[in-house]
2 protein chains.
Amino acid sequence: MSMTQQEADFASRIEAESMQNPVYTGVEHAILEQRLPPGTRLAEAELAEFYGVSRTIVRAGLQALAHSHLVTLRPNRGASVANPSPREAREVFEARELLEPRSAREAALHAGRADIRALRLHAQEEHDAMSRNESGRALRLSGRFHVMIAQIANQRTIAEIIENLVSRSSLIIALYWTRSSTRCDEGCHNALIEAIARHDADEAEDLMRSHLVELHSALRFDVSDTSNLTLKDMLSQ
Amino acid sequence: MSMTQQEADFASRIEAESMQNPVYTGVEHAILEQRLPPGTRLAEAELAEFYGVSRTIVRAGLQALAHSHLVTLRPNRGASVANPSPREAREVFEARELLEPRSAREAALHAGRADIRALRLHAQEEHDAMSRNESGRALRLSGRFHVMIAQIANQRTIAEIIENLVSRSSLIIALYWTRSSTRCDEGCHNALIEAIARHDADEAEDLMRSHLVELHSALRFDVSDTSNLTLKDMLSQ
DNA sequence: TTTATTGAAAACGTATACAATCTGCGGATC
DNA sequence: GATCCGCAGATTGTATACGTTTTCAATAAA
């Protein structure tokens, strides 16, 4: 097998199958935007009808989502949106605090002009979503910002791990978030971009660490309620 | 949803589906023992016949293996054992060097008597496998040793990430390993157990770090050949 | 009122059928 | 001799059928 083949494999051909599965992409999108709250039941037939595919495709998508910890599968009981425990929530943020500061450092060292432009553009999109009160979209974009930094750090393996942890954070925030707005994100993210643009590795690392600690400390592990819209409502748009 | 339910979910009900899929467990086992070298084609019909299940089960198992980066899926071209690039190999070990020393530290702090007994027993099994010249088995057990430490550290999220990185390391070693034996493992692992038994966190962390650096430095990224046994031969026993 | 039972409907698990795509070889063409 | 079709066989992709399990409401008993 040639090296180009090998590199192509590594460039995430692995996920290609999932990424063009409408169930995977649609449900993931809805979870990241908190339109599908934790615990929501995901009946196979309902998803099959909504996306116009057979249950075969639905099951493949749900299995992929289960591997990302966004969905829980229980034998003979079907799928539901994952419901991370307080312990899992704490562990996910501990893992992020271990990995992301180093990624921010590497990003500051490796970022090119195009990377910084992309980050600024993304921050603008986040800002727009916030000002239009599209809080779900804002949350998803906020997560993607962290993934972008990990990708700029040019360590695909770790970037992939971070991407997964960030996705799970959306569910954790849905369950345990106390503050009404994510406005702190805007300042933190902008400060991070400036540090990266200056190639100030120490500052980027510190900013990322404190940003994550702040997020983590805003979680409260008491009860939370789930509303009851229909599955179709939550997937639409 | 009750808290016990939630905790049960987190206790990896997610992987339960995969773990009782004979294709997943069988092919994973064979890859970890290097009976299935990188690049080996995994035809669905062949696996279906060997395990006595339908292609439905085979496909589910292969998709799960692809998510673990042990198998590569290419649309309309089928599955083959993953062929990690030098870059991926480097990144996997970099990630391990970032995560595992901290896990060893936590394991030293948290290990109970039962944990230490299990580690010693496991080291004995590793030793036995080596002395019986079952190098594949020895390699798989050596990987499991690292996973055990991560589990003792009591951080399931990170333990799961490490488990995945360790699995991929078996493929990397198959491709890029230069030394004939893994005898260095035996000494390193025993020293680690003693440090953990003494609850010497600093020592455990250092030993793990140097162990991983040693493994990493024994990789050579030039050509390598793949033999050509039949799939059935490699899966048997 | 509460609890237990039970049976029908709904949902999941697996196998299989068929369509779409790829592979490899033989033959035609240049 | 090399290259380019083109078809047959093999392989993967998707839908569907059917058996099994679960769910839930209606009924009966305590």
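Every chain is numbered from 1, with letters handed out A, B, ... down the list of sequences. FYI, side chains are in, hydrogens and waters are out, and symmetry mates aren't considered; it's all heavy atoms of this structure.
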Kindly check if the number of other-residue, nucleotide or ligand heavy atoms within 6.0 Å of CZ (R102(A)) is above 12?
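It does not: R102(A) CZ has 12 such atoms or fewer within range.
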Should we say atom CD of E134(B) is surrounded by more than 12 heavy atoms from elsewhere, each under 6.0 Å from it?
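More than 12 within 6.0 Å, yes.
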For residues E160(A) and H69(B), determine if any side-chain heavy atom of one lies less than 4.5 Å from a side-chain heavy atom of the other.
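In short, these two side chains touch, coming nearer than 4.5 Å.
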With a 4.5 Å heavy-atom cut-off, do P37(A) and V81(A) have their side chains touching?
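When only atoms from C-beta onward are counted, V81(A) and P37(A) do not touch, as no gap falls below 4.5 Å.
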Starting from C1' on dG13(D), measure out to CG on L73(B) and report it in whole angstrom.
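L73(B) atom CG is separated from dG13(D) atom C1' by 12 Å.
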Report the end-to-end axis angle of the helix from dT1(C)-dA30(D) to dC30(C)-dG1(D); each axis comes from five terminal pairs, and the value is rounded to 10°.
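Rounded to the nearest 10 degrees, the bend comes out at 20°.
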Per-nucleotide protein contact string for nucleotides 5-14 of chain C (B base, S sugar-phosphate only, - none; heavy atom under 4.0 Å)
------SBBB
Working for side chain to side chain donor-acceptor pair (under 3.5 Å), residues E106(B) and Q155(B):
CA-CA 9 Å; E106(B) 296 296 318; Q155(B) 230 277 18; over 6 Å; no
Please determine which of H216(B), E91(B), H146(B) meets the side chain to side chain donor-acceptor pair (under 3.5 Å) test together with R96(B).
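Going through the options one by one, the only one that passes is H146(B).
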Run the side-chain contact (heavy atoms from CB on, under 4.5 Å) test against A150(B) and tell me which residues pass, sequence neighbours left out.
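With neighbours one apart ignored, the set is S103(B), A159(B), I162(B).
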Spacing of I152(B) atom CD1 and D115(B) atom CG [to the nearest 0.5 Å]:
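Between I152(B) CD1 and D115(B) CG, I get 4.0 Å after rounding to 0.5 Å.
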